[in-house]
Participant: 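Before we start, here is the structure in question, set down as structure tokens.
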Amino acid sequence: MPKDFDSMEDSNRSANPSIHEVSDPARRAVLRGGAALAALAALSPLAASLGGCASPGATPPSPTLGFKAVPPGFGDQLVVPEGYIAEVIAAWGEPVGVPGQMPPFRFDASNSAADQAVQMGMHHDGLAFYPLGSSRRGLLAMNHEYADDGLLHADGMRTWSAEKVRKSMAAHGLSVIEVEQRDSGWQMVRPSRYARRITMATPFDVGGPAAGHPMMCTAADPTGRRVLGTLNNCASAATPWGTYLSGEENFSGYFVGGDTPSAHERRWGVRKDSWGYRWQEHDERFDATRHPNEPNRFGWVVELDPMDPTSTPIKRTALGRAAHEGAWVAVTKDQRAVVYSGEDARFEYIYKFVSRDRIRPAGNGLTAAQANRELLDHGTLYVARFDADGTGRWIPLVHGQGPLTAANGFADAGEVVIKTRQASDLLGATKMDRPEWLAIDPASGWVYCTLTNNSSRGVGSNPGVDAANPRANNTMGQIIRWKEDGDFDAPGFRWNHLVLAGDPANERAEARGNVKGDFFACPDGIAFDRRGVLWVQTDAHATQMYKGEFTRIGNNQMLACDVATGEMRRFLTAPTNCEVTGITWTPDGRTAFVNIQHPGETPSDRSDPADPRRFSNWPDRRPDGRPRSATVVIRRADGGVIGA
Ligand code: FEO
Ligand code: CA
Ligand code: CA
Ligand code: CA
């Protein structure tokens with residue numbers, strides 16, 4: 001077994017940072033560790049060759065990027081370039097529009113759990129637009145990554161009850177809403193026959209090799225094929241067959257373990273000191289000492305057909321179990337699906353899944369979503385190894401091959417995917433700096449992945465730097481990219497870094513990076529628009545912002561990148577202590593939808609609680625000031641294509 005690393009992401013809002021409560025010990029521990037770091041490692045030769053520190057103006061401005069950059073943001077507002085309009089819709093608590101069930105949001109947070117189950121969840125993350133006939137009307141499917149119980153309930157967590165647990169669970173999951181562009185701007189269509197909430201009470205089917213596996217069976221579900229709910233859904237993507245893929249990211253912290261965790265529980269971070277959701281006090285399935293298989297039923301990529309409000313969502317176990325950020329689909333020349341995913345935790349891995357079958361077109365009375373209902377249940381899962389010479393290999397996770405045998409704790413194919421981390425450890429895959437979003441360049445086929453940061457790299461007995469993860473105490477993050485040797489199902493690839501993030505003014509070499517254009521830190525969301533511009537969203541943590549190496553970087557932001565030149569241009573700066581995450585466009589490219597998550601998140605570092613930059617009442621601006629995650633709709637005043 002590997003060392004029992006603290007594998008949780010270190011800028012993790014899943015830790016339920018209540019505005020009324022002391023935040024979680026995991027984050028404080030990380031903060032202490034970060035303060036103690038001193039050892040610096042040199043940039044790898046490969047990374048250094050990629051550019052060194054850029055100076056402003058070193059690269060001619062890209063003609064592909066047609067907007068004037070905005071400066072770094074330090075206020076509690078959202079800023080977009082001149083000539084652009086940003087409007088807020090679908091904030092937490094707005095009724096999604098289920099016919100006959102549209103309770104209004106109450107700003108004192110006195111809505112019931114039943115209300116919350118038909119209102120927008122908390123902490124919007126990935127989202128995708130599904131047009132309904134034109135670019136002026138469609139569905140938005142989106143994730144609600146986690147709940148902040150301090151904001152969710154009128155009196156926070158001061159008292160605790162079964163009703164609060166139900167409300168917290170109802171604030172998680174997914175939403176499907178209908179939106180339309182009217183003369184007055186984009187609005188939610190309510191009621192809508194498509195409107196839907198997926199919460200911790202929604203039944204899911206289980207597909208793939210872990211379906212029905214003994215490690216998936218519980219007292220409440222002896223079949224191991226029916227799971228209630230999805231949680232910590234982070235990034236998302238639309239598939240070519242019209243469904244929505246969403247990653248169950250940091251699931252372990254919702255479960256409370258015992259004094260003597262098994263090796264399996266240790267590897268997955270199921271601990272006695274969980275993240276403080278306190279669900280187990282009123283729902284015993286989150287007590288892993290009583291229901292040790294329940295955590296195995298989370299950590300999957302889930303698939304939803306947003307066009308069919310009666311469809312049952314599915315956990316796709318063939319894609320492997322992980323703290324999945326999300327999953328993104330490429331298509332081979334012979335029409336098989338290749339699904340890339342990563343695991344946002346320190347020293348975890350990047351995966352790809354290649355489907356056995358071809359993507360089927362709609363027909364015979366079936367939509368494409370229905371025709372491909374089992375596509376992601378059959379295929380081969382691989383894990384990435386990045387070699388120092390700029391090449392890489394995809395190593396198959398196939399039961400019976402190599403070390404993945406019963407003698408090593410893998411009884412069958414189901415156990416391989418339930419124990420994806422342990423399998424990847426044995427296969428010698430590369431331990432990455434927290435893989436977040438991936439994006440596939442539609443023009444070139446290069447695949448991009450954000451590695452948001454890893455302040456533990458090279459510290460103590462943790463893994464040191466390698467070519468792909470070239471900075472110790474990596475506070476700033478990087479974007480890596482690779483091109484398969486042939487089609488997307490190829491066994492090998494070549495890779496390099498698009499950029500090492502950072503501020504060129506920083507004293508520490510490892511925090512400067514090589515950004516061309518506007519500097520930034522902690523890349524997270526990325527996506528290509530139809531013009532081939534890569535949009536990059538950041539998620540620096542509230543404990544880091546406004547000081548030290550982050551002093552000049554300011555609030556989290558969204559930049560546009562011309563990948564041909566590497567130029568980064570800052571397009572949007574966000575309100576105080578939020579992250580910018582998730583972007584999708586209408587097919588005509590004239591409207592973008594972006595999510596703003598956890599404005600005003602309280603940092604666990606309260607060293608300067610009077611600092612006004614730490615607080616937010618975005619977007620409602622009410623004096624009682626309860627900030628809300630929300631979707632921002634961005635248009636150009638002249639109706640043009642975003643970013644052009
Ligand atoms: Fe939920 Fe890895 O961001
Ligand atoms: Ca987040
Ligand atoms: Ca993220
Ligand atoms: Ca993040």
Side-chain angles (χ1 to χ4, degrees), residues 128 130 207-209 211 236-247 300-305 307 314-320 324 326-342 349-386 391-402 413 416-417 420 427 429 437-449 481-495 527-528 530 532 563 587:
Y130 297 81
S236 64
T239 67
W241 52 95
T243 62
Y244 181 76
L245 295 181
S246 166
W300 304 107
V301 172
V302 300
E303 183 172 16
L304 172 72
D305 178 358
M307 305 300 287
I314 305 172
K315 303 208 175 195
R316 296 296 186 194
T317 69
L319 276 56
H324 278 296
W328 292 265
V329 180
V331 180
T332 62
K333 291 187 174 63
D334 67 356
Q335 295 296 302
R336 280 171 297 129
V338 175
V339 188
Y340 292 98
S341 68
Y349 304 109
I350 292 174
Y351 296 95
K352 83 171 178 184
F353 166 86
V354 180
S355 72
R356 181 191 69 187
D357 303 325
R358 296 181 181 188
I359 301 168
R360 293 184 180 147
N364 297 323
L366 298 177
T367 65
Q370 292 163 341
N372 292 286
R373 179 133 178 112
E374 295 179 11
L375 178 72
L376 298 185
D377 288 342
H378 305 285
T380 305
L381 182 66
Y382 301 84
V383 65
R385 191 189 73 212
F386 293 82
T391 68
R393 300 299 296 175
W394 292 107
I395 311 168
L397 280 76
V398 175
H399 180 252
Q401 279 190 19
V416 170
V417 293
T420 306
L427 292 169
W437 288 58
L438 291 111
I440 300 137
D441 185 339
S444 68
W446 280 77
V447 184
Y448 291 71
C449 180
R481 59 182 171 182
W482 59 89
K483 182 75 166 71
E484 305 284 6
D485 295 336
D487 208 347
F488 288 109
D489 61 345
F493 56 89
R494 56 206 160 83
W495 66 270
F528 279 96
R530 278 159 199 256
V563 294

Participant: How many angstroms lie between CZ in F386 and OH in Y349, if you round to the nearest 0.5 Å?
Facilitator: 13.0 Å
Participant: Is the side chain of S341 donor-acceptor paired with the backbone N or O of G326 at a distance under 3.5 Å, no angle test?
Facilitator: no
Participant: Show your working on side chain to side chain contact (heavy atoms under 4.5 Å, CB included) between N372 and T239 and close with a plain yes or no.
Facilitator: CA-CA 10 Å; N372 292 286; T239 67; over 6 Å; no
Participant: So, does D485 use its side chain to make a donor-acceptor pair with the main chain of A490 at under 3.5 Å?
Facilitator: no
Participant: Could you point out which residue of Y340, Y448, W437 forms a ring-ring contact (aromatic ring centres under 6.0 Å, His included) with W328?
Facilitator: W437
Participant: Quick one: are Y351 and L319 in side-chain contact, heavy atoms under 4.5 Å?
Facilitator: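 No, their side chains stay 4.5 Å or more apart.
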Participant: How close do A384 and W394 get, counting heavy atoms only, and between which atoms?
Facilitator: CB-CZ3, 3.5 Å
Participant: Kindly indicate whether the side chain of W241, heavy atoms from C-beta on, has any atom under 4.5 Å from the side chain of E303.
Facilitator: yes
Participant: Test side chain to side chain contact (heavy atoms under 4.5 Å, CB included) on C449 and I350; report intermediate values, then the result.
Facilitator: CA-CA 9 Å; C449 180; I350 292 174; 3.9 Å; yes
Participant: Could you go through I359 and L375, starting from their C-alpha distance and side-chain angles, then the distance that decides it, and tell me whether this counts as side chain to side chain contact (heavy atoms under 4.5 Å, CB included)?
Facilitator: CA-CA 7 Å; I359 301 168; L375 178 72; 3.8 Å; yes
Participant: At their closest point, which heavy atom of P396 faces which heavy atom of Q401, and how far apart are they?
Facilitator: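 Of all heavy-atom pairs spanning P396 and Q401, the closest is CG-OE1, 3.7 Å.
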Participant: Do F528 and V563 make a side-chain contact, defined as non-hydrogen atoms from C-beta onward lying under 4.5 Å apart?
Facilitator: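 In short, these two side chains touch, coming nearer than 4.5 Å.
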Participant: With sequence neighbours excluded, give me every side chain to side chain donor-acceptor pair (under 3.5 Å) pair touching residues 374-384.
Facilitator: R316-D377
Participant: For R336, which residues count as a side chain to side chain contact (heavy atoms under 4.5 Å, CB included) partner, sequence neighbours excluded?
Facilitator: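 Only T332, D334, V354, S355, R358, D489 meet the side chain to side chain contact (heavy atoms under 4.5 Å, CB included) criterion with R336.
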Participant: Short question: side chain of W446, backbone of W482 - any donor-acceptor pair under 3.5 Å?
Facilitator: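 A pair under 3.5 Å: no.
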